[in-house]
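Read the structure below first, then the notes.
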Amino acid sequence: MSLRTRFAPSPTGLLHVGNAWSALQCQAWAEQQHAELILRIEDIDHTRCRAEFAAAMIEDLHWLGLRWQGEAIYQSRRRQAYRQALHQLRAMDVIYPCFCTRKQIRGEIARMASAPHAEDAVMAYPGTCRSLTPGDQQQRMQQQPFAWRLDTAKAMRTAGERLTWRESSGQMHRVRVDDDIVIGRKDIGVSYHLAVVVDDAAQSITHIIRGRDLAASTAIHRLLQQMLGLPEPVYIHHPLLLDAKGKRLAKRNHATTLSSLRRMGVQASRLREFLACDPPPCWPFDQAGEGVPEETILRMLGKR
Ligand code: GLU
């Protein structure tokens, strides 16, 4: 079987050095294993993703020296496949429509938290819509916007208690999911979790290489794979590139972008050299992003 991995950024902003580190991890693994690397643009969330960011990402990745197989694949063009997966789960009766607003869910959780034994209450969806009758569901579906939630307890029973996921280092993890997570969002009709498992299978991904911050989602992905009859990939959750204060670099914290480095005249080869450590080096600036003085960056990364 040929080995295949993917780099799967979401175009909600420009790529930063943390994304570059992750992309280079995928590439290094693919080279070592003589595996294929594909690029998947995870742009299902039209409320946050922008075509300009996707185009800029591709340009930045070319600049960085990432080489992928074929054309980039866009999730926004694969909605039909996600709808089919939702139909499949519906036919199995393991998802239910949820009409709650965030405010109602917060209110319900607060009520539970002020009840006796509040310490036992989990801060998860309280299950309000789980037990609506089919008649109620039908009627409300005609009138109100709704999300699809996984009936997790039922899904876990169907999938079997012994379900695990495997990290390439050999560790096996028991799949535990306690929340009725949303798998079809009210606004976009799908969710990251559903799209990612459908695509990984359709695109024959054998190894998933991504940051440790996503390890918490892997149990959900295994559960969905099992329900949908999809193959099990191997997971490699790599450590994250942190800033000088030990924080994960993130778009929302204005981490230094690749395009700003490029504008300063930093050479991609120099950035690759700097990032070529495992475990990763720390990005020696805090999250000042574009505010980091150019001379400081150029002193560190040179112009070679
Ligand atoms: N699109 C996700 C992100 O940018 C990555 C998804 C994944 O690798 O599973 O964080």
Side-chain angles (χ1 to χ4, degrees), residues 3-30 35-51 53-58 60-61 64 66 68 72-79 81-82 85 165-168 173 175 177 181-183 185 188 190-225 228 230-242 247-253 255 257-258 280:
L3 303 181
R4 210 161 202 242
T5 191
R6 78 311 195 266
F7 179 57
S10 303
T12 54
L14 294 170
L15 288 179
H16 56 72
V17 283
N19 302 126
W21 198 76
S22 192
L24 293 173
Q25 291 297 298
C26 294
Q27 176 143 294
W29 180 88
E36 284 179 3
L37 168 64
I38 64 161
L39 176 66
R40 183 162 80 217
I41 305 291
E42 301 212 322
D43 59 347
I44 42 166
D45 185 350
H46 59 75
T47 67
R48 296 175 59 227
C49 297
R50 300 222 311 252
F53 289 139
M57 273 179 167
I58 290 180
D60 285 344
L61 290 171
L64 182 66
L66 200 79
W68 58 90
I73 298 172
Y74 289 78
Q75 286 193 322
S76 53
R77 299 177 192 161
R78 293 189 28 80
R79 291 187 187 282
Y82 312 139
W165 62 269
R166 207 152 47 93
E167 188 78 36
S168 75
H173 300 265
V175 167
V177 185
I181 41 132
V182 170
I183 58 160
R185 274 171 45 179
I188 60 171
V190 61
S191 75
Y192 154 66
H193 300 303
L194 186 69
V196 96
V197 298
V198 168
D199 282 356
D200 285 334
Q203 292 148 20
S204 308
I205 301 301
T206 57
H207 288 71
I208 292 178
I209 301 165
R210 59 186 180 191
R212 274 191 192 151
D213 53 326
L214 290 168
S217 298
T218 304
I220 298 171
H221 297 172
R222 273 300 292 135
L223 182 57
L224 289 174
Q225 285 155 1
L228 292 165
L230 304 176
E232 175 184 3
V234 174
Y235 290 88
I236 300 171
H237 290 105
H238 62 68
L240 302 172
L241 187 68
L242 303 175
K247 281 221 218 77
R248 175 170 82 89
L249 301 186
K251 285 179 202 131
R252 74 176 88 81
N253 297 331
T257 62
L258 299 192

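Counting convention: from 1, in listed order, for ligands and their atoms alike.
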Main chain of Tyr192, side chain of Glu42: is a donor-acceptor contact present, judged purely on distance under 3.5 Å? no
Would you please classify the geometry between the Trp165 ring and the His173 ring as parallel, tilted or perpendicular, with 30° and 60° separating the classes?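 Parallel, since the angle between the ring planes stays under 30°.
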Tell me yes or no: between the side chains of Gln225 and Arg222, is some donor less than 3.5 Å from an acceptor? yes
More than 12 heavy atoms of other groups within 6.0 Å of Arg166 CZ: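 Incorrect, the count does not exceed 12.
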Walk me through it: do Leu194 and Leu228 pass the test side chain to side chain contact (heavy atoms under 4.5 Å, CB included)? CA-CA 10 Å; Leu194 186 69; Leu228 292 165; 4.2 Å; yes
Taking a 3.5 Å cut-off between nitrogen or oxygen atoms, can you list every pair linking ligand 1 to the protein, with distances?
| from | atom 1 | to | atom 2 | distance (Å) |
| --- | --- | --- | --- | --- |
| ligand 1 | 1 (N) | Ala8 | O | 2.8 |
| ligand 1 | 1 (N) | Ser10 | OG | 2.9 |
| ligand 1 | 1 (N) | Glu42 | OE1 | 2.6 |
| ligand 1 | 4 (O) | Ser10 | N | 3.4 |
| ligand 1 | 4 (O) | Ser10 | OG | 3.3 |
| ligand 1 | 8 (O) | Arg6 | NH1 | 2.8 |
| ligand 1 | 9 (O) | Arg6 | NH2 | 3.0 |
| ligand 1 | 9 (O) | Tyr192 | OH | 2.9 |
| ligand 1 | 9 (O) | Arg210 | NH1 | 2.8 |

So that I know where these two stand, are His238 and Trp29 an aromatic pair - ring centroids less than 6.0 Å apart?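 Centroid distance His238-Trp29: not below 6.0 Å, so no.
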